[in-house]
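See structure below.
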Amino acid sequence: TEGIKFNPSAPVYFYISWPVSSGGLRMRDDETFPGFPGDLFLFLQELSENNNRDWFNERKDRYYASVADPVCDFVEAMRPRLQAISSHYVVDSRPHGGSMFRIYRDTRYTKDKRPYKENAGCQFRHEAGKDAHAAGFYVHIANNEIFFGGGVWTPPNSVLGKIRDAIVEQPERWKKITRSRTFIQHFGSVHGDGLKRPPRGYDPDHPYIEDLKRKTFFAVQSGTRELATSPEFINEVTRAFKAASPLMAFLANALELPF
């Protein structure tokens, strides 16, 4: 334009703005996820041997680089995949207050005063949920255990009663979901702690009495460290979430929530 002189021999600089978390670059949601870094597992192992604030605070940058940021990257990469399953589950890639579970343990009511969790994970909870007891999709990463799937963990009695009533009222639908070939291939069965005796008010001879005893309803698939550190991990998690979606829809319908 008039008044501006262009020198073809001068260097030209391009500035690209990326959203940045406390530890690194954030992935775009159309990118694939390369897998978790090996140092995530090494960090968690060392944390289990040095679970104290001094050790952790001296390595907080490493925590963000090897644990928090990769988990947040995974969450962001799952956004379009989960939205293709259901638009009613929250995907929030913030390192604090988002889908990733906080590293800090609540030690107020326990004799175990270790300040930090020795695992990483995230939950994509239903938009109507307010805490970890809401129905949601879940990923758990630890040195001794890796699993992912969906369900609801120890919901309050009012919610638990609605789920049990739905099983009683729709036994054929429950059977079709939990006994399907796809469900069994991925999860084996519905998992979750249960009562020793049938819950009050329910037929002890009901064909699904073992499910009616449950206090938690989860469909989880196990993984390996080799899988978790590879680009295939996000694909396997996506397949598991899709396989769990009929169960998630059943739970949502029982609670009169959209899926």
Side-chain angles (χ1 to χ4, degrees), residues 18-51 55-56 58-85 89 91-96 98-105 114 116-125 132 136-151 185-188 191 218-245:
W18 291 83
V20 178
S21 76
S22 56
L25 294 176
R26 191 82 307 119
M27 294 171 58
R28 300 194 311 269
D29 60 11
D30 61 343
E31 290 185 14
T32 58
F33 179 70
F36 292 106
D39 193 51
L40 178 148
F41 294 97
L42 182 59
F43 181 91
L44 294 177
Q45 177 61 41
E46 293 177 7
L47 175 61
S48 70
E49 299 166 355
N50 304 274
N51 199 328
W55 185 92
F56 183 84
E58 290 173 1
R59 294 160 179 81
K60 187 169 285 189
D61 288 345
R62 181 184 168 200
Y63 162 71
Y64 278 105
S66 296
V67 181
D69 281 350
V71 172
C72 291
D73 287 343
F74 170 79
V75 169
E76 189 62 36
M78 281 297 301
R79 183 184 301 278
R81 294 164 179 259
L82 189 55
Q83 288 180 342
I85 296 173
Y89 292 82
V91 180
D92 187 337
S93 60
R94 292 177 299 163
H96 305 287
S99 299
M100 183 179 75
F101 284 114
R102 48 186 280 133
I103 190 71
Y104 305 98
R105 296 180 64 246
R114 290 175 299 167
Y116 305 107
K117 298 174 184 175
E118 295 167 5
N119 60 271
C122 57
Q123 183 194 31
F124 306 101
R125 69 177 62 119
F137 295 92
Y138 184 68
V139 176
H140 176 95
I141 304 291
N143 271 293
N144 61 345
E145 192 174 40
I146 297 170
F147 60 83
F148 38 87
Q185 285 178 341
H186 280 272
F187 313 116
H191 302 270
F218 247 103
V220 292
Q221 176 181 331
S222 297
T224 64
R225 186 182 301 193
E226 181 181 10
L227 175 65
T229 54
S230 76
E232 183 59 22
F233 180 72
I234 193 170
N235 297 325
E236 190 60 31
V237 171
T238 302
R239 286 189 285 268
F241 282 11
K242 288 180 179 178
S245 62

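Since we're looking at a predicted model, the values are computed, not measured.
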Query raised in the report: Can you tell if the side chain of N235 reaches within under 4.5 Å of the side chain of R81, non-hydrogen atoms only?
Result: yes
Query - Verdict with reasoning, F233 to F148, per ring pair (Phe, Tyr, Trp, His ring centres under 6.0 Å) - result: CA-CA 10 Å; F233 180 72; F148 38 87; 5.6 Å; yes
Query - Closest non-hydrogen atom pair, A240 against Q221 - result: CB-OE1, 3.5 Å
Query raised in the report: Ring centroid separation for F218 and H191, is it under 6.0 angstrom?
Result: no
Query raised in the report: Is there side-chain contact between F137 and V91, with at least one heavy-atom pair below 4.5 Å?
Result: no
Query raised in the report: If you count the non-hydrogen atoms of other residues, nucleotides and ligands that lie under 6.0 Å from NZ in K117, is the total more than 12?
Result: yes
Requested in this report: Please work out whether the ring planes of F241 and F124 are parallel, tilted or perpendicular, with thresholds of 30° and 60°.
Outcome: perpendicular
Query - V237 side chain reached by V139 side chain, heavy atoms, under 4.5 Å - result: yes
Query - Near-ring test W55/F43, centroid separation under 6.0 angstrom - result: yes
Query raised in the report: Which heavy atom of N119 sits nearest a heavy atom of I103, and at what distance?
Result: O-CD1, 4.1 Å
Query raised in the report: With under 30° as parallel and over 60° as perpendicular, where do the rings of F36 and F74 fit, or are they tilted in between?
Result: tilted
Query raised in the report: Does some side-chain heavy atom of F41 sit less than 4.5 Å from a side-chain heavy atom of T229?
Result: yes
Query raised in the report: What pair of heavy atoms forms the shortest contact from R105 to R114, and how long is it?
Result: NH1-O, 2.6 Å
